[in-house]
Amino acid sequence: MTVTDTQNMIRDIMDQLYDDESFLPEETGEIRKRLFESGKEILTTTDKVIKSYIRVTRDDRSIERIPAFRVQHNNIAGFYKGGIRYNEVVNEQEVENLAVLMTLKNALHELPYGGGKGGVVISPDQYSRRELYMIAKKYVQRFVRDIGPTHDIPAPDMGTDAETMDWMVGEYKTINPGENYLGSFTGKSVENGGARGRRESTGKGTYRSYLWLLDTWVRQTNRNSVAEGLHRDQYDRMKRLIEKHDEGKAITLAVQGFGNVGAVAAEMAATCDRLNHRVTAVSDQYVTLYHENGLDVRALAGYQRRMRHLPQTAEALEEAGIQAEVRDRDELIYLDVDVLILAAVEDVIHGGNVERIHADIIVEGANAPVDGTADRVLHEQGKVVIPDVLANAGGVMVSYVEWKQDRVTELFSEEQVIREMYEQMEASCEKVFDSYFTDGLPGIRNSCYVQALKRLFILHYRHGKLY
Ligand code: NAD
């Protein structure tokens with residue numbers, strides 16, 4: 001999805017809200033029209049795009065010029081917030097789009113943040129640790145005037161981690177002696193003010209969004225309150241899964257991507273004490289591992305932590321004492337399972353392969369793994385897609401906890417951190433699923449964006465920013 005697609009979607013939803021007379025009913029006629037037009041303009045305009053070049057001396061003494069970005073989309077709901085992505089193909093438009101999506105994600109979950117994002121055009125595995133350290137320091141030097149604990153708070157994203165944030169916060173402190181520095185970056189190591197449980201938070205939150213929908217929402221919702229047609233088909237499909245579980249059969253599940261998000265989500269499913277799952281397949285960038293009676297996910301997660309990838313051969317599996325068949329990497333998404341958790345890369349399910357997907361529920365742990373065309377087709381087939389903006393927000397929720405604890409210099413326990421994240425995730429899920437299923441909105445993703453844009457629009461309105 002490009003930034004233009006996202007802006008068009010914002011315009012469409014603002015038009016829907018304009019037509020919805022129950023939303024801001026006190027404003028009518030010409031004034032209402034003007035307010036919505038200006039809201040549309042503001043929300044489709046990025047506040048600031050900063051581009052710079054980082055000059056770094058490579059280990060062989062050559063000098064390289066690396067493009068780097070920080071984009072700040074909107075801060076009506078709070079300080080700009082969003083990760084810094086290191087990737088060889090990242091570009092200004094991608095960073096801008098991700099910044100807009102952060103504004104929407106933070107608004108949906110009612111976090112006191114706006115949307116921002118950063119990018120550095122490198123493939124991190126091509127650089128030594130010393131070079132990466134220099135790049136992190138230079139990034140802060142270039143953008144220091146635009147970041148800070150009460151202005152714009154970066155975090156890790158693809159290609160960056162707690163160590164990168166530790167280096168960055170160190171440089172921020174050197175440049176700003178005597179200032180509050182800890183809250184200027186989140187996703188730091190626990191020793192450096194990071195939140196306990198941050199690494200697992202996105203995987204746990206992703207799993208929680210699915211568990212809440214199936215085991216709480218479906219059980220507590222009467223079929224007659226669900227809008228007729230596709231929405232009821234989706235409800236019936238989920239009800240069948242719950243009945244399968246209640247009859248003592250396992251719900252089958254496959255997880256694409258076995259890193260921070262996927263391995264944790266797979267372990268949560270395999271060890272869940274509320275729903276009985278059989279995780280029949282997991283994959284990483286090299287292989288799919290399959291076992292029809294269920295994989296030993298805990299053993300695989302232990303192997304992955306040691307080796308940084310899944311076992312790739314029958315011999316490696318035997319040596320690790322794990323039973324599985326090695327299959328082609330891309331086979332996983334086409335398997336006949338009930339639930340598919342996508343936790344790897346973008347655009348995995350698209351117009352060209354969507355007809356081959358069997359799963360009834362698809363959960364987006366990764367960002368944008370289902371493209372717009374596939375999303376529409378899956379919806380029309382009565383399948384349920386829990387979108388990224390809802391499902392994978394556990395990380396930013398825990399970043400908020402980290403930012404709060406850095407202000408009071410107190411470390412919350414992992415249990416407190418995860419409990420707070422679960423409460424927030426469940427509140428967001430309730431809001432989205434209730435309105436989607438009972439009001440019959442045209443898609444769960446659409447329902448998320450409607451909630452987010454309502455909040456953003458009202459904030460602009462109350463701040464007197466619409467004219
Ligand atoms: P990670 O690098 O820890 O793990 C990614 C996994 O995907 C690895 O197992 C890798 O081998 C696998 N993979 C890569 N290409 C693949 C392919 N083509 N097929 C199958 N597997 C493949 O990354 P992560 O932190 O787990 O993030 C995964 C996704 O979740 C990314 O899209 C990221 O933007 C998104 N996300 C992560 C967080 C977070 O807090 N970590 C938060 C929000 C969104």
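Owing to the predicted nature of the structure, the values given are computational and were not obtained by experimental measurement. Both counts, for ligands and for their atoms, begin at 1 and track the order of listing.
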Is it the case that over 12 heavy atoms from other parts of the model lie below 6.0 angstrom from the CZ atom of Arg274? yes
Minimal heavy-atom distance between Asp59 and Glu131, with the atoms involved, is N-OE2, 2.7 Å
Please indicate whether Tyr334 has more than 12 foreign heavy atoms, meaning atoms of other residues, nucleotides or ligands, lying under 6.0 Å from its OH. yes
Under-4.0 Å protein heavy-atom contact, atom 2 (O) of ligand 1: no
Looking only at protein heavy atoms, which one is nearest to atom 40 (O) of ligand 1, and how far off is it? Thr202 OG1, 2.6 Å
May I ask you to decide whether Arg70 forms a salt bridge with Asp146, counting only side-chain N to carboxylate O separations under 4.0 Å? no
Around atom 26 (O) of ligand 1, find the nearest protein heavy atom and jot down its residue, atom name and distance. Val261 N, 2.9 Å
Atom CZ of residue position Arg11 - does it have more than 12 heavy atoms of other residues, nucleotides or ligands inside 6.0 Å? yes
Glu88 CD: over 12 foreign heavy atoms closer than 6.0 Å: yes
for atom 36 (N) of ligand 1, nearest protein heavy atom and its distance come out as Gly365 O, 4.0 Å
Students should be able to answer this: which protein heavy-atom is nearest to atom 31 (C) of ligand 1, and at what distance? Ala344 O, 3.5 Å
Considering heavy atoms of the protein only, find what lies nearest to atom 25 (O) of ligand 1 and give residue, atom and distance to 0.1 Å. Asn260 ND2, 3.2 Å
Record the part of Pro369 in heavy-atom contact with ligand 1 below 4.0 Å; permitted values are side chain, backbone, both and neither. neither
Check this for me - ligand 1, Lys105, N or O atoms closer than 3.5 angstrom, yes or no? no
Indicate, as side chain, backbone, both or neither, the part of Arg198 found under 4.0 angstrom from ligand 1 when only non-hydrogen atoms are considered. side chain
Of all protein heavy atoms, the one nearest atom 33 (C) of ligand 1 is Asn367 ND2, 4.3 Å
Return the residue, atom name and 0.1 Å-rounded distance of the protein heavy atom closest to atom 9 (O) of ligand 1. Phe258 N, 3.0 Å
Evaluate whether atom CD of Gln141 has more than 12 neighbouring non-hydrogen atoms of other residues, nucleotides or ligands under 6.0 angstrom away. yes
By number and element, which atoms of ligand 1 are closer than 4.0 Å to a non-hydrogen atom of Ser283? 20 (C)
Glu364/Lys105 salt bridge by N-O under 4.0 Å criterion: no
Among Ala343, Gly394, Ala393, which one puts a heavy atom closest to atom 5 (C) of ligand 1? Ala343
Is the number of heavy atoms from other residues, nucleotides or ligands within 6.0 Å of NZ (Lys173) greater than 12? no
Give a yes or no on whether a salt bridge exists between Asp161 and Arg199, defined as a side-chain N under 4.0 angstrom from a carboxylate O. no
shortest atom 30 (O) of ligand 1-to-protein heavy-atom contact is with Ala366 CA, 3.4 Å
Examine the proximity of ligand 1 to His309 and report which part, side chain or backbone, both or neither, has a heavy atom under 4.0 Å away. neither
The answer for which part of Asn392 has a heavy atom under 4.0 Å from ligand 1 is both
Looking at ligand 1, does any of its N/O atoms fall within less than 3.5 Å of an N/O of Asp330? no
Select the closest option to atom 16 (C) of ligand 1 among Glu346, Gln285, Arg308, judged by heavy-atom distance. Gln285
What about Tyr80 and His151, are their ring centers closer than 6.0 Å? yes
